[in-house]
J.: 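Supplied in structure tokens, the structure appears directly below.
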Amino acid sequence: MFVDSHCHLDFPEYANQVPELLERMKAAKVTHAMCISVDMPDFPNVLALAKAHDNLFATVGTHPDYEDTPEPTEDQLVELANHPKILAIGETGLDYYRIGDRTYQQMEWQRERFRTHIRAAKRANKPLIIHTRSASEDTIRILKEEGASQVAGVMHCFTETWDVAQAAMDLGFYISFSGIVTFKNAKELQETCKKVPLNRLLIETDAPFLAPIPHRGKTNEPAWVSHVGEFIANLRGISVDEVAHASTHNFKTLFKAPI
């Protein structure tokens with residue numbers, strides 16, 4: 001069985017489609033999925049999905065790329081994380097990809113938001129869902145400075161180098177691979193995927209984005225995390241069952257998930 005450790009089923013792409021998505025998950029032997037929060041206004045929809053379905057879980061947090069949105073406070077995140085269906089804090093982190101003509105100093109709001117999430121995670125004793133893009137050095141630095149190893153978490157949709165993966169794992173973090181690892185031009189990422197120990201590996205879709213081969217270009221969905229797992233098994237020369245068992249066990253262990 002597989003678990004999709006990161007998806008966005010509250011997004012408009014899935015309006016009135018959740019029952020069908022769950023049926024296709026079941027057919028693909030994807031037993032559970034984590035619905036990820038990206039901002040506070042939409043958090044109630046994320047939690048509602050998790051409350052309505054036994055095999056869905058949720059997180060609470062504000063994405064680093066969402067600038068014009070209410071800023072979550074540490075107290076707010078801790079309070080909302082207290083719900084039994086909320087298994088993690090995030091998605092949080094740093095994203096300098098669209099920094100444009102802004103200076104490094106002008107991105108301090110993003111670093112402060114990241115620190116707020118880490119501090120909330122430590123108080124709530126919940127792991128972190130980390131997004132990092134064009135900002136891996138600062139991401140690792142802030143994780144260290146804030147003592148994020150106390151709760152650890154996952155580097156979601158990992159596309160960084162092996163050195164970044166090692167630095168994250170040294171802090172107790174897991175490495176999650178999405179459909180990107182199946183892309184033909186992802187050779188360096190595939191080499192990193194081979195090296196990540198099975199006991200630190202997670203898989204995800206990041207649906208509705210990044211559909212894996214053979215569905216690339218389509219609206220992604222949790223059922224297709226099975227393609228990610230199958231690709232990784234072939235890449236590493238091991239059985240699909242080994243990847244399924246390891247990634248599911250890791251999800252249960254990291255998030256203390258009742259599965």
Side-chain angles (χ1 to χ4, degrees), residues 1-8 25 28-36 59 88 90-91 93 95 127-136 139-140 152-218 220-255 257:
M1 66 180 185
F2 294 104
V3 174
D4 183 358
S5 67
H6 192 115
C7 62
H8 300 280
M25 280 174 58
K29 297 182 180 179
V30 179
T31 60
H32 297 80
M34 183 92 90
C35 299
I36 306 296
T59 72
E91 116 185 47
D95 193 322
L128 289 151
I129 309 288
I130 302 297
H131 169 109
T132 183
R133 191 177 189 193
S134 303
S136 59
T139 299
I140 296 297
V154 57
M155 307 297 284
H156 119 84
C157 194
F158 192 80
T159 55
E160 303 293 336
T161 64
W162 171 241
D163 287 344
V164 176
Q166 281 188 309
M169 288 188 292
D170 286 345
L171 294 172
F173 279 74
Y174 290 69
I175 308 297
S176 181
F177 294 94
S178 69
I180 293 175
V181 78
T182 72
F183 297 172
K184 291 180 180 179
N185 62 350
K187 298 302 182 185
E188 183 178 355
L189 182 63
Q190 290 165 9
E191 290 304 310
T192 295
C193 184
K194 290 180 186 178
K195 297 178 183 178
V196 171
L198 270 184
N199 65 359
R200 289 297 186 88
L201 183 143
L202 289 172
I203 55 175
E204 64 174 271
T205 58
D206 201 12
F209 314 112
L210 305 175
I213 291 172
H215 302 291
R216 188 173 183 182
K218 299 179 181 178
N220 204 358
E221 59 180 87
W224 295 348
V225 79
S226 59
H227 293 298
V228 179
E230 290 161 4
F231 181 90
I232 291 173
N234 184 62
L235 181 70
R236 297 174 66 119
I238 60 178
S239 72
V240 174
D241 284 347
E242 285 179 87
V243 173
H245 178 268
S247 58
T248 299
H249 175 77
N250 294 341
F251 181 91
K252 182 176 181 179
T253 300
L254 174 61
F255 298 112

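Along the sequence shown, residues are numbered consecutively beginning with 1.
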J.: Using atom types as modelled and distance alone, determine if a side-chain donor or acceptor of Gln190 lies under 3.5 Å from a backbone N or O of Val181.
T.: yes
J.: Is it the case that His6 and Glu91 place a side-chain donor and acceptor less than 3.5 Å from each other?
T.: yes
J.: I want to check something: taking the side chain as every heavy atom from C-beta on, are Asn250 and Leu198 in contact at a cut-off of under 4.5 Å?
T.: no
J.: When rounded to the nearest 0.5 angstrom, what is the spacing between CE in Met25 and CE in Met1?
T.: 11.5 Å
J.: Answer yes or no: is there a side-chain heavy-atom contact under 4.5 Å between Leu210 and Cys157?
T.: yes
J.: Counting C-beta onward and ignoring hydrogens, is there a side-chain heavy-atom pair between His227 and Pro214 closer than 4.5 Å?
T.: yes
J.: Closer than 3.5 angstrom, by distance alone: can the side chain of Thr248 be matched with the main-chain N or O of His245 as a donor-acceptor pair?
T.: no
J.: Would you indicate whether the side-chain heavy atoms of Val240 and Phe2 approach each other to under 4.5 Å?
T.: yes
J.: Rounded at 0.5 Å granularity, tell me how far CD1 in Ile36 sits from NE2 in His156.
T.: 7.5 Å
J.: Tell me, do Thr31 and Val3 make a side-chain contact under 4.5 Å, heavy atoms counted?
T.: yes
J.: Is it the case that the side chain of Thr139 and the backbone of Thr132 share a donor-acceptor pair, with hydrogens and angles ignored and the cut-off at 3.5 Å?
T.: no
J.: Quick one, Asp95 with His131, criterion side-chain hydrogen bond (donor to acceptor under 3.5 Å, both in side chains). Give me CA distance, side-chain angles, the key distance, then yes/no.
T.: CA-CA 7 Å; Asp95 193 322; His131 169 109; 2.7 Å; yes
J.: What's the shortest heavy-atom distance between Leu202 and Ser5, and which atoms?
T.: CB-OG, 4.1 Å
J.: Might you point out which heavy atoms bring Ser134 and Glu160 nearest each other, and give the distance in Å?
T.: N-OE2, 4.2 Å
J.: What heavy-atom pair brings Thr253 and Tyr174 nearest, and what distance separates the two atoms?
T.: CG2-OH, 3.9 Å
J.: Can you tell me how far the CE atom of Met169 sits from the CG atom of Leu201, to the nearest 0.5 Å?
T.: 9.5 Å
J.: Under the criterion side-chain hydrogen bond (donor to acceptor under 3.5 Å, both in side chains), I'd like the reasoning laid out for Glu204 against Ser176: C-alpha separation, chi angles, the key distance, then a yes or no.
T.: CA-CA 7 Å; Glu204 64 174 271; Ser176 181; 2.7 Å; yes
J.: Spell out, as yes or no, whether a donor-acceptor pair under 3.5 Å connects the side chain of Arg236 to the backbone of Cys193.
T.: yes
J.: Would you mind reporting whether Ile232 and Phe177 have side-chain heavy atoms less than 4.5 Å apart?
T.: yes
J.: If you compare all heavy atoms of Arg200 against all heavy atoms of Phe173, which two are closest, and at what distance to 0.1 Å?
T.: NH1-O, 3.1 Å
J.: Once rounded to the nearest 0.5 Å, what's the spacing between atom OG of Ser136 and atom CE of Met155?
T.: 8.0 Å
J.: Okay, side chain of Asn220, backbone of Phe209: is any donor-acceptor separation there less than 3.5 Å?
T.: yes
J.: How many angstroms lie between CD1 in Ile180 and CZ in Arg216, if you round to the nearest 0.5 Å?
T.: 8.5 Å
J.: To check you understand the geometry: which heavy-atom pair defines the closest contact between Thr161 and Glu188, and what is its length?
T.: CG2-OE2, 3.8 Å
J.: Give a yes or no on whether the backbone of Cys7 and the side-chain of Asp206 come within a donor-acceptor separation of less than 3.5 Å.
T.: no
J.: A quick test of your reading: do over 12 heavy atoms of other residues, nucleotides or ligands sit less than 6.0 Å from CD of Glu242?
T.: yes
J.: Quick one: are Phe255 and Val154 in side-chain contact, heavy atoms under 4.5 Å?
T.: yes
J.: What's the separation between atom CZ in Phe231 and atom CD1 in Ile203, rounded to the nearest 0.5 Å?
T.: 13.0 Å
J.: Where do Pro212 and Thr182 come nearest, in terms of heavy atoms and distance?
T.: CA-OG1, 3.6 Å
J.: Is Phe158 close to Thr192 at the side-chain level, that is, under 4.5 Å between some pair of heavy atoms?
T.: yes
